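Here the structure comes first, spelled out in structure tokens, and everything after it is commentary.
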Amino acid sequence: MSKKVLIISTSLRANSNSEILAREAERGAKEAGCEAEFVTLKDKEIKFCKGCMACQKLGKCVINDDANEITEKIKNSDVIIWSTPVYYYEMSGQMKTLIDRANSLFCSNYRFREVYVITTSADSSDGVVQTVINGVNGWIACFNGVKLAGFLDGGGLESPNDALNRKDLMEKAFNLGKNI
């Protein structure tokens, strides 16, 4: 039985390196026979969580925007791949906002069990990705039976489209998707 994989690209930039690597992971997942769906946050309206906790009773957020549709896709997927640029040594704000808005999943019958993370940054020093991993692990800790199954640190990508010239990262992204 093939896994249902949801790839969420959180960059809002055209030709972003994180989206390029996310697309390559999608290609790998599809080649492996998975049902893979790519979602980009570009042109999506995702407002901030109000902290009202109504989602815990309703099973969805009371704010009517694109977050509810994406959260439903997360709920019904076996594997989630988050792809984010690293801004100031942390996940993008839009990724964190979507994670906050996915609070309705906490009390739901979610399917996902594996989470992967792809990061891109200009800085290639050791540990750049760790704060993103810490943030994602904080989200994962709220879900029984879910684990961080792997990540790809795409450091050293300074300009849009740089990932296309990094065969090592393109191959790692492809293999991340293929080995799910």
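Worth saying up front: this structure is predicted, and the values here are computed from it rather than measured. Side chains included, hydrogens not; waters and symmetry mates left out as well; all remaining heavy atoms used.
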Test salt bridge (Lys or Arg N to Asp or Glu O under 4.0 Å) applied to K147 - qualifying residues, sequence neighbours left out: none
Find the distance between CD1 (I46) and CG (D66) and round it off to the nearest 0.5 Å. 6.5 Å
CD of E24 to CD1 of I20: how many Å apart, nearest 0.5 Å? 10.0 Å
May I ask whether L152 and V5 are part of the same hydrophobic cluster, defined by side-chain heavy atoms of I, L, V, M, F, W, Y residues being less than 4.5 angstrom apart, directly or through others? yes
Heavy-atom side-chain contact between I74 and W82 under 4.5 Å: yes
Determine, using the 4.5 Å side-chain heavy-atom cutoff (strictly less than), whether M53 and I63 are members of one ILVMFWY cluster. no
Taking only residues two or more places apart in sequence or in another chain, which ones pass side-chain hydrogen bond (donor to acceptor under 3.5 Å, both in side chains) with N134? Q130
Tell me whether V146 is reachable from V79 by hopping between hydrophobic residues (I, L, V, M, F, W, Y) whose side-chain heavy atoms are closer than 4.5 Å. no
Kindly give the heavy-atom pair with the smallest separation between V132 and M91, and that separation in Å. CG2-N, 3.4 Å
Taking side chain to side chain contact (heavy atoms under 4.5 Å, CB included) as the test, write out the residues that go with E37, two or more places apart. L6, V39, K73
Which distance, rounded to the nearest 0.5 Å, do you find between the CG of N17 and the CZ of R166? 9.5 Å
Which heavy atom of S2 sits nearest to which heavy atom of G33, and what is that distance? CB-O, 2.9 Å
side-chain hydrogen bond (donor to acceptor under 3.5 Å, both in side chains) partners for S9, two or more places apart: E19
Going only through I, L, V, M, F, W and Y residues with side-chain contacts under 4.5 Å, is there a path from I80 to F38? no
Would you say NZ of K42 has more than 12 non-hydrogen atoms from neighbouring residues, nucleotides or ligands within 6.0 angstrom? yes
CZ (F48) with more than 12 external heavy atoms under 6.0 Å: no
Closest non-hydrogen atom pair, A22 against I7: CB-CG2, 3.7 Å
If a pair satisfies salt bridge (Lys or Arg N to Asp or Glu O under 4.0 Å) and one of its residues is in residues 104-117, list it, with sequence neighbours excluded. K3-E114, D78-R111
Hey, mind stepping through V86 and V129 against side-chain contact (heavy atoms from CB on, under 4.5 Å) and telling me if it holds? CA-CA 8 Å; V86 175; V129 71; 5.7 Å; no
Stepwise side-chain contact (heavy atoms from CB on, under 4.5 Å) check, S18 with S83: CA-CA 6 Å; S18 60; S83 183; 3.4 Å; yes
pair N103-C49: side-chain heavy atoms closer than 4.5 Å: no
Any donor-acceptor N or O pair under 3.5 Å, side chains D123, S125: yes
For F112, the ring-ring contact (aromatic ring centres under 6.0 Å, His included) test, sequence neighbours excluded, returns Y110, W139, F143
Partner residues of K96 under the salt bridge (Lys or Arg N to Asp or Glu O under 4.0 Å) criterion, sequence neighbours left out: D100
One should read off an interatomic distance between T40 OG1 and Q94 CD, to the nearest 0.5 angstrom, of 9.5 Å
The reported gap from CD in E90 to OG1 in T119 (rounded to nearest 0.5 angstrom) is 11.0 Å
For residues 156-163, dump all side-chain donor-acceptor pairs below 3.5 Å to protein atoms at least two apart in sequence or in another chain.
residue : atom : partner : partner atom : Å
D162    : OD2  : E158    : N            : 2.9
D162    : OD2  : S159    : N            : 2.8

In the single-linkage hydrophobic clustering (I, L, V, M, F, W, Y; side-chain heavy atoms under 4.5 Å), do L21 and I133 co-cluster? no
Just so I know, are the side chains of K60 and T71 near enough to count as touching, which here means a heavy-atom distance under 4.5 Å? no
Could you pull out all residues at least two apart from K44 that satisfy side-chain hydrogen bond (donor to acceptor under 3.5 Å, both in side chains)? none
Applying salt bridge (Lys or Arg N to Asp or Glu O under 4.0 Å) as the test, list every pair that has at least one member in residues 4-17; sequence neighbours left out. none
Closest non-hydrogen atom pair, G138 against C142: O-SG, 3.7 Å
For a quick test of reading the model, state the closest non-hydrogen atom pair linking A54 to V62 and the distance between them. CB-CG1, 3.7 Å
Flag if over 12 foreign heavy atoms under 6.0 Å of CG, D168: yes
Side chain to side chain contact (heavy atoms under 4.5 Å, CB included) with A25: which residues, sequence neighbours excluded? I81, I118, L176
Just so I know, are the side chains of R101 and I70 near enough to count as touching, which here means a heavy-atom distance under 4.5 Å? no
Would you call E171-K167 a salt bridge at under 4.0 Å N-O? no
Residues forming a side-chain hydrogen bond (donor to acceptor under 3.5 Å, both in side chains) with K178, sequence neighbours excluded: E31
With side chains defined as the heavy atoms from C-beta onward, is the minimum distance between P85 and S92 less than 4.5 Å? yes
For the atom pair OG1 (T84) and CG (L98), what is the distance rounded to the nearest 0.5 Å? 11.0 Å
